[in-house]
Protein chains: 2
Amino acid sequence: MERTSFAHMRCSLARGLELIGDWWSPLIIRDLFLGLSRFDELVEDLGISRNLLTRRLKSLAANGIVERTAYQQKPARYAYRLTEAGRDLVPAILALTAWGDRWARPREGSPILFVHTTCGHRFEPRVTCSACTEPVTAETVTAIAGPGGAARPGTKLVARRLHSPAPVAAIK
Amino acid sequence: MERTSFAHMRCSLARGLELIGDWWSPLIIRDLFLGLSRFDELVEDLGISRNLLTRRLKSLAANGIVERTAYQQKPARYAYRLTEAGRDLVPAILALTAWGDRWARPREGSPILFVHTTCGHRFEPRVTCSACTEPVTAETVTAIAGPGGAARPGTKLVARRLHSPAPVAAIK
DNA sequence: CGGATTGAGTTCAATGACGCAACTGAGTAG
DNA sequence: CTACTCAGTTGCGTCATTGAACTCAATCCG
């Protein structure tokens, strides 16, 4: 059986996972962000099998997350780089990395630290509210139905619940 | 061959993906966050096959991300809920959802909107710097080697590069 | 009292995805 | 002329995922 497609789900998380939700894609994107760019570099760094890397890169390129450009002819050599959509994904990957660092850190300590070049400090990625800039947590977020909601596989029950939410105080 | 394990990689992203990086886990966690809790609710909402959901829930429970508690005896009925680690993952999943909303939104519009209950506003999840609270982007983040770094599969080349970084101005 | 329904899974066959290793093919270095 | 690098492709075996059917205990319905 083919793996269930998330592409037609009316859910932005599922549709995002359809593009980058397999095992290796986040690591490939992280490596491209960290400066790797060539096929064999990725193979060596990650230990991914070559045929699988070929498939992943093709799919990421088809979905507009990486682009493949020849950086020399004769012999043809290619560099993979993040597109705008791929770079826009980096903060979300950093947030996931920070979670892994809190809950699955190697005994030896954090493998990678991040520096915010605009302020010059080491930092932890933090997910915050675009309205008040305070951190958001599971306890302080409520979901409500959006215009694209639909009760279909992926959000069959959830969509119904959001349309009859628990009493929500006036939303600004 | 078994899928390559990320568990021994010296990389917090890979180790996090080892716990929740499969196709369905993020959607399961999102559903639990949105208030679903029973086995059949998840099956109906997501359209996941029942045997696979069994495996996923067992693995998420074994990794401390969800917990399974009987909410009644005779007949035994179980509720799945997020643990602290699971709830801590929600902001990262929101960040990923926001990315999906920007780059893979259904034509009909956003399926789900989020409200920050502490400030009362609708908002977009934003990944920010814990030091200066400004948003972080791929362009304004530099990675440096942490104490747990190691040149092994997963970070074989990357770890070496981080130890000889491009000129980094004084880090505070 | 008997049949249908609910909740929570388990079992099964088929098929696709993944992992490894070996191979190709163009060009370059020694 | 041989070895090496880069960027894949090919082949083969094993594992994971899917959908559908099945189990089992208990309760609801008439």
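Note on naming: letters A, B, ... go to the chains in the order of the sequence lines (proteins, then strands), and numbering restarts at 1 for each one. On a predicted model such as this, the values are computed, not experimentally measured, just so you know.
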Taking only N and O in the side chain of B/Tyr80, is any of them less than 4.0 Å away from OP1 or OP2 of C/dG9?
yes
Here the distance between atom P of C/dG9 and atom CZ of B/Phe39, to the nearest Å, is 6 Å
Using only modelled atom types and a 3.5 angstrom limit, is any donor from either the side chain of B/Arg38 or the base of C/dG7 paired with an acceptor on the other?
no
Can you tell me which nucleotide in D/dT10, D/dA7, D/dA26 comes closest to the side chain of A/Asn51?
D/dT10
Closest-nucleotide mapping onto DNA chain D: is B/Arg77 or B/Arg56 further toward the 5' terminus? I mean the 5' end.
B/Arg56
Which part of the nucleic acid does B/Arg55 contact within heavy-atom distance under 4.0 Å: base, sugar-phosphate only, or nothing?
base
Below 4.0 angstrom from OP1 or OP2 of D/dT18, is there any side-chain N or O of A/Thr4?
yes
Of the candidate nucleotides D/dT9, D/dT18, C/dG19, which contains the atom at the shortest distance from the side chain of B/Leu52?
D/dT18
Indicate whether OP1 or OP2 belonging to C/dC18 is found under 4.0 Å from a side-chain N or O atom of B/Trp23.
no
Between P on C/dC18 and CG on B/Asp22, what's the gap in Å once rounded to a whole number?
12 Å
Can you tell me the distance, in whole Å, between the CD atom of A/Gln73 and the P atom of D/dA7?
13 Å
Nearest to the side chain of A/Tyr71, heavy atoms from C-beta on, is which of D/dA7, D/dG11, D/dT17?
D/dA7
Between the base of C/dG9 and the side chain of B/Asp40, is there a donor and acceptor pair under 3.5 angstrom?
no
Indicate whether OP1 or OP2 belonging to D/dA7 is found under 4.0 Å from a side-chain N or O atom of A/Lys58.
no
Salt-bridge test for A/Arg30 and A/Asp45: reply yes if a basic N is under 4.0 Å from a carboxylate O, no otherwise.
yes
Closest to the B/Arg50 side chain, choosing from C/dC18, C/dA8, D/dA7
C/dA8
